[in-house]
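These notes are about the structure you will find just below.
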Amino acid sequence: VAREATRRGVLAAALALPLAAGGCKGIGALGTPPRPLPDVAVVREAITDETLMIARYTAVLAAAPALAGSLRPLLGQHQAHLARLKARLVDPRAGSEPPLSRPHPQVPGTPAAARAYLRGAEQAAAQALMGRLTAASPSLAQLLASIAASEATHALLLGPHRRTG
Amino acid sequence: VNASPSAGAAGTSGTTAGPGTQPAGRRARAAAIGALQAALAAEHAAVYGYGVAGAHLAGTRQAAAIRYWAAGQAARDTLAAMVVSRGATPVAASTGYRLPFAVHGEQSAIALAAFLEDRVTAAYLTLVALTDTKLRLFGARGMQTAALRAAWWRGQTLAFPGLEVPAPGPVAAGAGGGQPSPGQSATGGTSPTSPPTGPAGG
């Protein structure tokens, strides 16, 4: 029985950690001096990067429509990333912010080069998110790590096909 | 494979209890141990499951199953050492695991492999919530490694690996081996052919 209690204690501590840290920030946010939370800056940076990534896909799809079959699912996942990140901003003005310099990336013309271009962008984006993990709250870090893993898998699927199966 | 972290973590962690009365350092250590044990339990399950899946695969896919089976063993050793260094006893592998569905051929074996990697990804996600930055990055790298393997088996990607785990089930036809092997597509130091390396003992 004592052993059971011990296990529960360990598990409870593991589960309580993100909640406790998140809770502290929540209380802090209620204070009168609106000191911006570190998470807000991290989320804004991630939103900027996701927005740019979506612009890249959009530009590639416009230049190489033949890639739509393979790229649309990946683009859809980036749109899901962006929505989830935006949901993290509780600032009511978040929706009416100045558009982040409306990126219009120049993309390669051939399908193979376009795939390589997106692959490189996915790898860089995953790396950038990894660099932001330690500045984030526990639950935001989990979201960023999940998005980074998703982008890493995008890079995998954008790699040169070698039929082996 | 019963890879649920709570079931897997039940076993051994020989630490003191009483969250709420502990100093923050002790609570953080207990949380780290709990997360490491969950990852270890998932790796145990994956090692078992790859043994089952590999028996139903051939060629490139079987080679991948064998490679990932070995990588799971190495990851298991790394995690066990990290648990020990924190004064706890690593969870042991179960004597048997219940598979999420019957595995009787290539497609179900591929689906099992994807399922195993999804669960490993979710287990490493727990480490990312820790305040220890080394463990957080270790967890994030472990997630990428497992997510890359899952995507390779499935031939498809997920929007939120680890956070949103798909229900166990069939994978798309032609999945597993139709894409370049994750081993050839390391993303910035993340090489799925090698086990997650990190602050072992740290």
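Reminder, nothing fancy here: chain letters follow the sequence lines and each chain counts from 1.
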Is there a side-chain contact between B:M143 and A:S146, using heavy atoms and a 4.5 Å cut-off? yes
Between B:R136 (side chain only) and A:A141 (backbone N and O only), is there a donor and an acceptor less than 3.5 Å apart? no
Can you tell me how far apart CZ (B:R141) and CE (A:M130) are? Round to the nearest 0.5 Å. 6.0 Å
Which residues in residues 74-82 of chain A have any heavy atom lying under 4.5 Å from a heavy atom of chain B? A:L74, A:Q77, A:A80, A:H81
Should B:L158 and A:T153 count as side-chain neighbours, where that means a heavy-atom distance under 4.5 Å? no
With rounding to the nearest 0.5 angstrom, report the NZ to OG1 distance, B:K134 to A:T134. 13.0 Å
Taking every non-hydrogen atom, the tightest pair across B:F160 and A:I147: CE2-CG1, 4.0 Å
Taking all non-hydrogen atoms of both residues into account, name the closest pair between B:L148 and A:L156 and its distance. O-CD2, 3.5 Å
Checking A:Q142 side chain against B:L125 main chain: does a donor-acceptor pair fall under 3.5 Å? yes
Nearest heavy-atom neighbours spanning B:A140 and A:A145: CB-CB, 4.1 Å
